[in-house]
2 protein chains.
Amino acid sequence: MKQDLKKRYAAQAAVIKAMAHPTRLLILNSLKKRETCVCELRDLVGDDISTVSKHLLVLKNAGLVAARREGNWLHYRLTCPCVLEFAACVGGLKGKNV
Amino acid sequence: MKQDLKKRYAAQAAVIKAMAHPTRLLILNSLKKRETCVCELRDLVGDDISTVSKHLLVLKNAGLVAARREGNWLHYRLTCPCVLEFAACVGGLKGKNV
DNA sequence: CATCTATTTGGCTATTTGGCAAAATAGAAC
DNA sequence: GTTCTATTTTGCCAAATAGCCAAATAGATG
């Protein structure tokens, strides 16, 4: 495997890995509609707010979301709505885990 | 989060998770061209063959690949070529990890 | 300044993952 | 049947992950 190819796949895998969690998919799909503050996402997800915050960090580090402060609230938004299109394709698969 | 929605996201996440590894992305992209036997994939990837076999198991469990025996060789093939389209989208992202 | 509110960070534990090497298996060939 | 070859499975270990709670932080407001 060539080195630059390796790097490119590693970069892609990092983003895909950030998406590879039910809660984070829920968050991404929710943000598709409109930007949302963390506390609202916590209500939607139902986990501890620190857990939600960590999920958002993962998404932010992958470049999938960005935040905007408005008073006390941080509003998160999708940076790349296209990433969700492929979820529909994935939905049709029939695997042992699925 | 409603229960059925939760399940749907868990199912999607399982497939995405299976894709979320550089070696597995390499394998998937290689299989896009044509079906390939394990030993050939081992040469391409460069890891131990048991490692490659495990990656293939992950992909198989997710429903992303399937195998066909021909003599001593097992030929793996993509079951859902569409899953690779979104990698191009992901490639454009600029994150801390990417 | 102190205080309140929204969010992040750190610490902890349990679980999962990726890799190699050795042993086991499945089918082909003798 | 035995043997050979391709592949999978098992065992082990180090590293990464997800979750909660408690503590820390950043702005807003008094």
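Just so it is clear: chains get the letters A, B, ... in the order the sequence lines come, proteins before strands, and each one is counted from 1.
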- Verify the cluster assignment for A/Leu25 and A/Leu57: are they in a single hydrophobic cluster under the rule of side-chain heavy atoms below 4.5 Å apart?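 No, because A/Leu25 and A/Leu57 fall into different hydrophobic clusters, even though each may have its own neighbours under 4.5 Å.
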
Has [X] got a side-chain atom pairing as donor or acceptor with [Y]'s backbone, closer than 3.5 angstrom?
X       : Y       : result
A/Thr36 : A/Arg34 : yes
B/Thr79 : B/Ala66 : no
A/Arg24 : A/Ala18 : yes
A/Arg69 : A/Gly71 : yes

Closest listed nucleotide, where the reference is the side chain of [X] and the choices are [options]:
X       : options              : value
B/Cys39 : D/dG19, D/dT7, C/dT7 : D/dT7
B/Lys17 : C/dT7, C/dT16, D/dT8 : C/dT16
A/Ser53 : D/dG19, D/dT8, C/dT7 : C/dT7

Measure the distance from [atom1] on [X] to [atom2] on [N] and round it to the nearest whole Å.
X       : N      : atom1 : atom2 : answer
A/His75 : C/dA6  : NE2   : P     : 12 Å
B/Leu74 : D/dT5  : CG    : C1'   : 12 Å
A/Leu41 : C/dT8  : CG    : C1'   : 15 Å
B/Leu56 : C/dG18 : CG    : C1'   : 14 Å
A/Ile16 : D/dT17 : CD1   : P     : 15 Å
A/Ile27 : D/dA18 : CD1   : C1'   : 13 Å
B/Ile49 : C/dG18 : CD1   : C1'   : 17 Å
A/Leu57 : D/dG19 : CG    : C1'   : 15 Å

- Task: Please state whether the phosphate of C/dC20, meaning OP1 or OP2, lies under 4.0 angstrom from any side-chain nitrogen or oxygen of B/His55.
- Result: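 So the side chain of B/His55 is outside the cut-off, no N or O lying under 4.0 Å from OP1 or OP2 of C/dC20.
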
- Message: At less than 4.0 Å, is any side-chain N or O atom of B/Tyr76 found next to OP1 or OP2 of D/dA6? Yes or no.
- Response: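 For D/dA6, OP1/OP2 do not have a side-chain N/O of B/Tyr76 under 4.0 Å.
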
- Message: Heavy-atom nearest nucleotide on DNA chain C for A/Val52 versus B/Arg24: which residue maps closer to 5'?
- Response: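 Upstream on the strand: A/Val52.
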
- Task: Would you please test A/Cys39 and A/Trp73 for side-chain contact (heavy atoms from CB on, under 4.5 Å) and show each step?
- Result: CA-CA 8 Å; A/Cys39 54; A/Trp73 292 271; 3.9 Å; yes

- Task: Identify whether any heavy atom of B/Arg42 sits under 4.0 Å from a base atom; if not, whether one sits that close to sugar-phosphate; answer base, sugar-phosphate or nothing.
- Result: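 Contact class for B/Arg42: none.
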
- Query: Taking NZ, NE, NH1 and NH2 as the nitrogens, is one of them in A/Glu40 or A/Arg42 under 4.0 Å from a carboxylate oxygen of the other?
  - Reply: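 A/Arg42 and A/Glu40: not salt-bridged.
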
Can you give me the N/O atom pairs linking the protein to nucleotides 21-30 of chain D at distances under 3.5 Å, or say none if there are none?
from   : atom 1 : to      : atom 2 : distance (Å)
D/dC21 : N4     : A/Ser50 : OG     : 2.8

